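Step one of this worksheet: look at the structure below.
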Amino acid sequence: MSTIERPIGRLFADPASAIGQKAIIKGWVRTRRDSKAGLSFVHVSDGSCFDPIQVVVPNSVTNYHAEVLRLTAGCSVICRGELVPSQGKGQALELQAESIEVVGWVEDPDTYPIQPKQHSFEYLREQAHLRVRTNTFGAVARVRHCLAQAVHRFFHARDFYWVHTPIITGSDCEGAGQMFRVSTLDHLNIPRTHDGKVDWDQDFFGRETNLTVSGQLNVETYACALSRVYTFGPTFRAENSNTSRHLAEFWMIEPEIAFADLATDAQLAEDLLKSIFTDLLHERQDDLKFFAERIDKGCIERLEALVKANFERMDYTDGIKHLQAAEAKGVKFEFPVEWGMDLQSEHERYLTETLVGRPVVLMNYPKGIKAFYMRLNDDERTVAAMDILAPGIGEIVGGSQREERLDVLDRRMDEMHLEKAAYWWYRDLRRYGTVPHAGFGLGFERTIIYATGMANIRDVIPFPRTPRNAAF
RNA sequence: UCCCCUAUAGCUCAAUCGGUAGAGCGGGCGGCUGUUAACCGCCAGGUUACUGGUUCAAGUCCAGUUGGGGGAGCCA
């Protein structure tokens with residue numbers, strides 16, 4: 001008989017074909033329970049699925065007393081034996097071990113940071129190198145992977161090309177927040193020009209460079225040649241944001257489509273979210289079940305509802321009217337509602353959670369609160385921008401139709417006192433075969449929060465970077 | 001950056017008005033059991049985040065520092 005070696009998730013997915021097979025299981029011990037009937041139950045996880053496999057170790061194995069009885073959480077093992085139907089409750093399949101080899105001991109079980117009990121997420125953040133061995137963080141990691149794969153599948157199936165926009169950017173024109181400088185200059189001896197300013201000409205790139213805050217401007221150039229493109233990669237913001245929804249390093253999905261308007265853009269965003277959540281519901285039932293049981297009771301229903309429901313389309317101006325009507329009926333907001341203001345968190349929450357109860361696509365914002373590149377509407381007061389607000393997290397998508405008319409773009413840049421020379425290549429797109437185009441940014445971690453019900457964004461990325469924290 | 005809360009055993013938390021620092025889990029040892037975050041007994045485990053102050057006496061009160069959390073702003 002041949003011996004099979006497969007991820008535990010594969011065995012659980014098809015127990016019928018696994019039973020009766022000789023198998024090798026490699027993984028880490030979660031728990032051990034001993035029976036005086038002459039055997040030990042060792043739960044072993046290889047991370048391939050939510051549940052560990054139960055390895056039944058009889059005391060006839062040669063190292064039973066010397067090693068098996070000393071196994072603690074975290075030990076790495078290789079188990080050989082036969083896959084059999086379980087005699088106990090709680091699992092259909094288990095490994096009847098014929099041998100178990102301890103590859104790595106936990107040198108001091110008393111201080112092993114991941115004990116078989118509930119830990120606080122705050123504590124586990126300080127153990128980021130080991131926290132993925134817990135149920136919650138293993139599940140988050142698998143969900144994160146599943147959603148990332150689903151994003152690529154969605155775009156690939158629709159003939160979008162994935163564009164690798166740069167991480168280091170020479171442009172200082174993105175305007176999406178504070179940037180991290182990239183430099184090889186000696187901080188203790190910074191070269192200066194004769195008028196006392198930093199001499200960037202002596203830096204690595206011969207100019208000032210930063211980590212990207214968005215791939216949008218770069219990916220627009222590819223959209224104006226390949227028609228349908230997207231970026232999916234890390235972005236960086238040096239904002240001093242201390243909230244459960246912000247990271248200094250996060251991942252963003254930014255599609256950009258040529259010959260497209262705002263309505264097309266919003267539909268693409270809605271289709272994307274529905275598609276990736278549909279895939280998640282199919283592929284990670286085990287992990288979602290855990291999130292529903294232990295993290296957020298309604299997370300599966302929320303995903304199922306989102307996949308079915310149409311997103312509400314609402315003009316910014318109508319949103320303001322709804323908020324003012326709510327005020328008239330006695331709803332109290334901390335910040336006053338008036339046309340022209342940016343919506344506060346409390347306003348977004350009211351619209352998506354209280355008024356509509358579904359994701360809301362809010363469109364056509366006043367130009368004064370939006371970026372220069374967003375297309376000016378015919379009313380000259382608003383721009384073709386849209387945000388998608390989701391219950392529980394607020395803004396999950398921000399997008400717009402881009403200004404394709406050079407004269408209007410220049411006028412907007414002048415209004416906002418931007419230096420046009422710095423945007424020469426961006427303006428070139430409007431000089432050579434310009435075309436209406438649109439795109440949006442979807443925060444990947446916020447998407448994971450929405451799917452899992454995890455409360456803090458620091459717990460849905462492996463090694464979170466936040467102000468004063470880059471320990472791992 | 002602003003407001004509020006918070007820091008006690010490896011972990012999760014107690015400790016009344018300022019008066020001898022305790023439990024559960026985890027760990028070690030033993031018992032019991034085809035067990036399921038098992039159960040029963042015993043044992044070990046502490047410079048109460050740090051610095052300073054008030055007091056006969058500080059885990060407890062005050063000030064500062066650092067870490068953590070929640071909310072706001074910025075945004076994805």
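Naming convention: chains lettered A, B, ... in sequence-line order (proteins, then strands); numbering from 1 in each chain. A quick note: this is a predicted structure, and the numbers were derived from the prediction, not measured.
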Revision key, fill the gap. On RNA chain B, more 5' by nearest nucleotide between M252(A) and Y112(A) is Y112(A)

**Study point:** Salt-bridge criterion met for D387(A) and K370(A) (N-O under 4.0 Å)
**Key:** yes

Review point. Considering only the P atoms, how many Å lie between G24(B) and C39(B), rounded to the nearest integer?
Key: 12 Å

Review point. With sugar-phosphate meaning primed atoms plus P, OP1 and OP2, does E346(A) contact a base, only sugar-phosphate, or nothing at under 4.0 Å between heavy atoms?
Key: nothing

Check your understanding: Any side-chain N or O of R125(A) under 4.0 Å from OP1/OP2 of G69(B)?
Key -> yes

Check your understanding: Say you pick atom C1' in C11(B) and the same atom in G45(B); how far apart are they, in whole Å?
Key -> 13 Å

Review point. H43(A) has a side chain; which of G68(B), U36(B), C75(B) sits nearest to it?
Key: U36(B)

**Study point:** Short side-chain N/O contact to G69(B) OP1/OP2 from R458(A), under 4.0 Å
**Key:** yes

Practice item. Could you check Q91(A) against E395(A) and say which one's nearest nucleotide on RNA chain B is further toward the 5' end? Key: Q91(A)

Check your understanding: Distance between the C1' atoms of G10(B) and G27(B), in whole angstroms?
Key -> 8 Å

**Study point:** Phosphate OP1/OP2 of A72(B) contacted by R245(A) side-chain N/O (<4.0 Å)
**Key:** yes

Check your understanding: Is the backbone N or O of N218(A) less than 3.5 Å from a side-chain atom of T221(A), with the two atoms forming a donor-acceptor pair by type?
Key -> yes

Review point. Should the pair R349(A)-E346(A) be classified as a salt bridge under the 4.0 Å nitrogen-to-oxygen rule?
Key: no

Check your understanding: Do E239(A) and U1(B) share a donor-acceptor pair, side chain to base, under 3.5 Å?
Key -> no

Check your understanding: For S120(A), which contact category applies under a 4.0 Å heavy-atom criterion: base, sugar-phosphate, or nothing?
Key -> sugar-phosphate

Practice item. Output yes when at least one side-chain N/O atom of N456(A) is less than 4.0 Å from OP1 or OP2 of G68(B), else no. Key: no

Check your understanding: Under 4.0 Å between a side-chain N or O of R33(A) and OP1 or OP2 of A38(B)?
Key -> yes

Check your understanding: Donor-acceptor pair, T382(A) side chain versus P366(A) backbone, under 3.5 Å?
Key -> no

Point to revise | Selection from U33(B), A72(B), U35(B) that lies nearest to any side-chain heavy atom of K36(A) | key: U33(B)

Check your understanding: Under 4.0 Å between a side-chain N/O of S345(A) and OP1 or OP2 of G73(B), yes or no?
Key -> yes

Study note, to complete from the structure: Mate of C43(B) across any strand shown (Watson-Crick or G-U wobble, both atom pairs under 3.5 Å) is G27(B)

Exercise for review: Return no unless some side-chain N or O of N242(A) is found under 4.0 Å from OP1 or OP2 of G68(B).
Suggested key: no

Study note, to complete from the structure: chi for C50(B) classified (syn = within 90 degrees of 0, anti otherwise) as anti

Practice item. Kindly say if S241(A) contacts the phosphate of C75(B), meaning a side-chain N or O under 4.0 Å from OP1 or OP2. Key: no

**Study point:** Electrostatic pair R228(A)-E256(A), nearest N-O below 4.0 angstrom
**Key:** no

**Study point:** Side chain E334(A) and base G71(B) donor-acceptor under 3.5 Å
**Key:** no

Check your understanding: In the strands shown, is G67(B) matched to any nucleotide by a Watson-Crick or G-U wobble pair with both distances under 3.5 Å, and which?
Key -> U6(B)

Review point. So, is R349(A) close to the A72(B) phosphate, meaning a side-chain N or O under 4.0 Å from OP1 or OP2?
Key: yes

Practice item. Test the R302(A)-Y450(A) pair against the cation-pi criterion, namely NZ or CZ under 6.0 angstrom from the six-membered ring centroid and within 45° of the ring axis. Key: yes

Exercise for review: Quick one: do H347(A) and V337(A) satisfy side chain to side chain contact (heavy atoms under 4.5 Å, CB included)? Show the steps, please.
Suggested key: CA-CA 8 Å; H347(A) 305 134; V337(A) 178; 3.7 Å; yes

Point to revise | Pairwise C1' distance, G30(B) and A15(B) [rounded to whole Å] | key: 32 Å

Point to revise | Under-4.0 Å side-chain N/O to phosphate OP1/OP2 contact, Q115(A) with G27(B) | key: no

Check your understanding: Between atom NE2 in H65(A) and atom C1' in C29(B), what is the gap in whole Å?
Key -> 16 Å

Exercise for review: Without swapping roles, check the side chain of S40(A) against the backbone of V57(A) for a donor-acceptor pair under 3.5 Å.
Suggested key: no

Exercise for review: Could you check how far CG of L95(A) sits from C1' of U35(B), rounded to whole Å?
Suggested key: 16 Å

Practice item. Provide, to the nearest angstrom, the distance between the NE2 atom belonging to H347(A) and the C1' atom belonging to G73(B). Key: 14 Å

Revision key, fill the gap. Rounded to whole Å, CG of L124(A) lies from P of G68(B) at a distance of 15 Å

Review point. Should S35(A) be listed as having a side-chain N or O under 4.0 Å from OP1 or OP2 of G34(B)?
Key: yes

Exercise for review: Write down the distance between CZ (R32(A)) and C1' (G34(B)), rounded to a whole number of angstrom.
Suggested key: 16 Å

Revision key, fill the gap. Among U66(B), A38(B), U35(B), the one nearest any side-chain atom of T31(A) is A38(B)

Practice item. Looking only at side-chain atoms of Y123(A), point me to the closest of C74(B), G70(B), C11(B). Key: C11(B)

Study note, to complete from the structure: Checking G27(B), C74(B), G70(B) against the side chain of P109(A) (C-beta onward), the nearest is G27(B)

**Study point:** Nucleotide U12(B), atom P - distance to CZ of F121(A) in whole Å
**Key:** 12 Å

Practice item. Can you tell me the distance, in whole Å, between the CG atom of N240(A) and the P atom of C3(B)? Key: 13 Å

Check your understanding: Separation of H119(A) atom NE2 from C11(B) atom C1', in whole Å?
Key -> 6 Å

Exercise for review: Considering only atom C1', compute the distance from A21(B) to A58(B) and round it to an integer number of Å.
Suggested key: 13 Å

